[in-house]
Structures are given as structure tokens and as C-alpha cells.
Undergrad: 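Sharing a structure here in C-alpha cells format.
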Amino acid sequence: MASSNLSVATWNINSVRLRMPIVGRFLTEQAPDILCLQEIKCQEHQFPYEAFRALGYEHFAVHGQKGYHGVATVGRVPFHEFSRHDWQDNGEARHVGIELEGPGQGTVIENVYIPAGGDEPDRAINPKFGQKLDFLGRMTRWAETVDRPTLIVGDFNVAPLESDVWNHKALLKVVSHTPIEVETLQGFMDAHGWQDIGRQHRSAPERYYSWWSYRSKDWKAGDRGRRLDHMWASPELAAQSVAHHVHEDCRDWEKPSDHVPLVTEFDL
DNA sequence: ATGTCTGAGACACTCAGA
């Protein structure tokens, strides 16, 4: 079978309706084949389908809910929705899976928004933190059953490595970089042998961030970022990734998301 | 780092979630 090129992007967009102008700019400039969005913050009937179609993106898998969370995968290549997991077991819209039908036919792409987990890293006093760990636990049990080449991308809300945060020691007790989260995410990784494509192309300890808080007048001041967004693949699929890009410039665009998009190019 | 965004509900402003 002839090889085909495929590019996949992931971006926590923090309201797709409010952010459609910069989504359009990104798709025009980068033209990924597939774009996985998290935190679309709308119901399925409110999703801006026509704006995407006008940009050449005519394939959709939207799993939304009112106001919060929500994920959507859009493509300029064909696919069909494959699955919707509720790894928190509470009805929140945090996952959608697709299977490609054209280029990369048969490849599965899972789009996930792992819960942020609240402020206090203690499940006894902060139920959200427990829910985050339990979400990862259910993902881990699912990963043990994955038996075909799969790409899983999204906002994992965990920065596992020291070089994934601006200050390792300062963040050890901050949710997203605590040892229990890092250990739990590692358990998920080991359950399938996922390969961290970002770090495959930008090896630790090189600085790599994908998120900078809004709670700073100048997001560049001190470069206080974290790598919360990830693209992980089955070993055989990861070996077919030929390039990886972190679009930090998008953090400076008009009305930006606090996350920036990541893109991986594959030669399948 | 208790600061800055977003959407919902209600109609000027909180509140939750991140």
C-alpha cells in the first residue's frame, strides 16, 4: 500500500465559539488534516460547523455539553466517530474517538480532556482531585485493551517531567505536577506502551511548555509555562511520526487560548 | 502566585471551573 502523509493537531481552545477567528487563522496557516479540540464549551447544536466547512473541514465528531468541557475532532480528511468514553463516570463530555477512512485508513485517534483536578492535591478534602486520579485509572484499564495502532491526544492536565514546568520544586505540590499524578499518568503510559511523541521530537531536558496561565499580565514574564497537552501513540505509529511542532506564537494572537496547538506529522 | 478568563443565570452582577 502506498504511504500517505497525515498531520494531526491538538488544541485546548477554551470556547470554540469565542475562539473561531484564531482557529480559522491556524487552519489557514497550518492546514492540519485533523484538529482535535478540547474545552469547546458548547452543546453539539451550537458548534460552528459552517465556519469549519468554509475552511475546508467537512468531517466532524463533536461531543459537547452545556457551558463546560466538551471535545470535538474536525477533519479535512474523512473519518467516522468510533467511541465516546465516560472515564469519569459522571456524564461529562471529555472524550471522542474517531477512525480514519481516507489517508491513514484504520488509524484510531482518541481526543481526551482529562479533568484539571481542582486546587488541592488531596482527594480527602478535594473530590475533584480524586475524580482526576480515578479518570486516569479508568483510562489505564481501557489502555490495557487497546490492540490496534492508536493516537491519543489532548489536554492531559499533567506535566510529568521536570522540564515540562518552569520550576519543578515550586510545583511539586501544585495540581498538574504532583508525584501522585505523575505516577498515575505513568501507569497509563505503561498499560499500552504509549510513546510520548512530543518528547520523541523534543527530548528532555529541553524546555517544552504548551500552557501559560491567564493570571499574569504578561504571559512571557518568567516564562511560567507547563506542558499540559500531549500526543501519545502506539509504538508502531509513533515510529511513523516525522515531525512535531509547538505553536507558541498562538499564545500572542488576539484573544488567545491559554493553551497553544501542537502538531504531529506522520508518514503512514 | 488569589491573579484572569469563560459561560450560565439573570438583567448588574455574582458564581463555578480552570
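Treat the numbers as computed from the prediction; the structure is a model and nothing was measured. Order of the sequence lines fixes the chain letters, A, B, ..., with proteins taken first and strands second; residue numbering starts at 1 for each chain.
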Undergrad: Under a single-linkage definition using a 4.5 Å side-chain heavy-atom cutoff for Ile, Leu, Val, Met, Phe, Trp and Tyr, are A:Trp253 and A:Leu27 assigned to the same hydrophobic cluster?
TA: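 As far as the 4.5 Å side-chain criterion goes, A:Leu27 and A:Trp253 are connected within one cluster.
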Undergrad: Name the nucleic acid region contacted by A:Lys255, choosing base, sugar-phosphate or nothing; use a 4.0 angstrom heavy-atom cut-off, strictly under.
TA: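 Sugar-phosphate, backbone atoms only, no base.
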Undergrad: Quick one: A:Leu228 CG to B:dG17 P, roughly how many Å, whole number?
TA: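 Answer to the nearest Å: 19 Å.
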Undergrad: Take A:Arg224 and A:Cys42, find for each the nucleotide of DNA chain B with the closest heavy atom, and name the residue whose nucleotide sits nearer the 5' end.
TA: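 Nearest-nucleotide comparison on DNA chain B picks A:Arg224.
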Undergrad: For A:Glu92 and B:dA18, what is the distance between atoms CD and P respectively, to the nearest whole Å?
TA: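 From A:Glu92 CD to B:dA18 P: 7 Å.
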Undergrad: A:Arg17 has a side chain; which of B:dG7, B:dT4, B:dT6 sits nearest to it?
TA: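 Of the options given, the side chain of A:Arg17 lies nearest B:dG7.
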Undergrad: Report the residue (A:Val16 or A:His259) whose heavy-atom-nearest nucleotide on DNA chain B is the more 5′ of the two.
TA: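 Upstream on the strand: A:Val16.
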Undergrad: If pairing requires Watson-Crick or G-U wobble contacts with both distances under 3.5 Å, which nucleotide is the partner of B:dT6?
TA: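 Pairing partner: B:dA16.
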Undergrad: By nearest atom, which of the nucleotides B:dG3, B:dT6, B:dA8 is closest to the A:Arg215 side chain?
TA: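 So the side chain of A:Arg215 is nearest to B:dG3.
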Undergrad: In whole angstroms, how far is the P atom of B:dA1 from the CG atom of A:Asn167?
TA: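 About 8 Å, once rounded to whole Å.
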Undergrad: Using atom types as modelled and distance alone, determine if a side-chain donor or acceptor of A:Glu44 lies under 3.5 Å from a backbone N or O of A:Gly64.
TA: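 Answer holds: yes.
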Undergrad: Which of the following nucleotides, B:dT4, B:dG7, B:dG9, is nearest to the side chain of A:Tyr214?
TA: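 In terms of side-chain proximity for A:Tyr214, the closest of B:dT4, B:dG7, B:dG9 is B:dT4.
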Undergrad: Over all strands shown, is A:Arg94 touching base, sugar-phosphate only, or nothing at heavy-atom distances under 4.0 angstrom?
TA: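 If one applies the 4.0 Å heavy-atom cut-off, A:Arg94 turns out to touch the sugar-phosphate alone, with no base involved.
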Undergrad: What's the closest nucleotide to the A:Lys128 side chain, out of B:dT2, B:dG17, B:dT4?
TA: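 Of the candidates, B:dG17 comes closest.
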Undergrad: In whole Å, what is the span from the CD atom of A:Glu181 to the P atom of B:dA18?
TA: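 So the two atoms are 13 Å apart, to the nearest Å.
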Undergrad: Mark yes or no: A:Arg226 above the aromatic ring of A:Trp211, with NZ or CZ under 6.0 Å from the six-membered ring centre and no more than 45 degrees from the axis.
TA: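 Checked: cation-pi criterion not met.
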Undergrad: Using atom C1' of each nucleotide, how far apart are B:dC13 and B:dA1 to the nearest Å?
TA: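 It works out to 26 Å between them.
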Undergrad: Between A:His168 and A:His177, does any side-chain donor sit less than 3.5 Å from a side-chain acceptor?
TA: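 There is such a pair between these side chains.
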Undergrad: On the six-membered ring of A:Phe129, is A:Arg123 placed so that its NZ or CZ lies under 6.0 angstrom from the centre and within 45° of the ring axis?
TA: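 No; the conditions do not both hold, so A:Arg123 does not lie above the ring face of A:Phe129.
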Undergrad: A:His177 NE2 to B:dA1 C1': how many Å, rounded?
TA: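 Atom-to-atom, A:His177 to B:dA1, this comes out as 16 Å.
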Undergrad: Between P on B:dA18 and CG on A:Asp258, what's the gap in Å once rounded to a whole number?
TA: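 My rounded result for the distance is 12 Å.
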Undergrad: Starting the side chain at C-beta, find the nucleotide from B:dT2, B:dG7, B:dT4 nearest to A:Leu18.
TA: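 Out of B:dT2, B:dG7, B:dT4, the nucleotide with an atom closest to A:Leu18's side chain is B:dG7.
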Undergrad: Would you mind reading off the distance between A:Tyr68 atom OH and B:dT6 atom C1', rounded to a whole angstrom?
TA: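 To the nearest whole Å, that distance equals 9 Å.
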Undergrad: How long is the line joining CG of A:Asp155 and P of B:dA18, in whole Å?
TA: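 After rounding, the gap between these two atoms is 10 Å.
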Undergrad: Can you tell me the base-pairing partner of B:dC11? Count Watson-Crick or G-U wobble geometry only, both distances below 3.5 Å, and say none if there is no partner.
TA: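 Pairing partner, where one exists within any strand: none, as none qualifies.
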Undergrad: Assess, by modelled atom type and distance only, whether the side chains of A:Asn111 and A:Gln38 contain a donor and an acceptor separated by less than 3.5 Å.
TA: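 There is such a pair between these side chains.
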Undergrad: Write down the distance separating the C1' atoms in B:dC15 and B:dC11, rounded off to the nearest Å.
TA: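 After rounding to an integer number of Å, I get 16 Å for this pair.
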Undergrad: Given B:dA1, B:dA8, B:dG7, identify the nucleotide with an atom nearest to the side chain of A:Ser216.
TA: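 Nucleotide nearest to A:Ser216's side chain: B:dA1.
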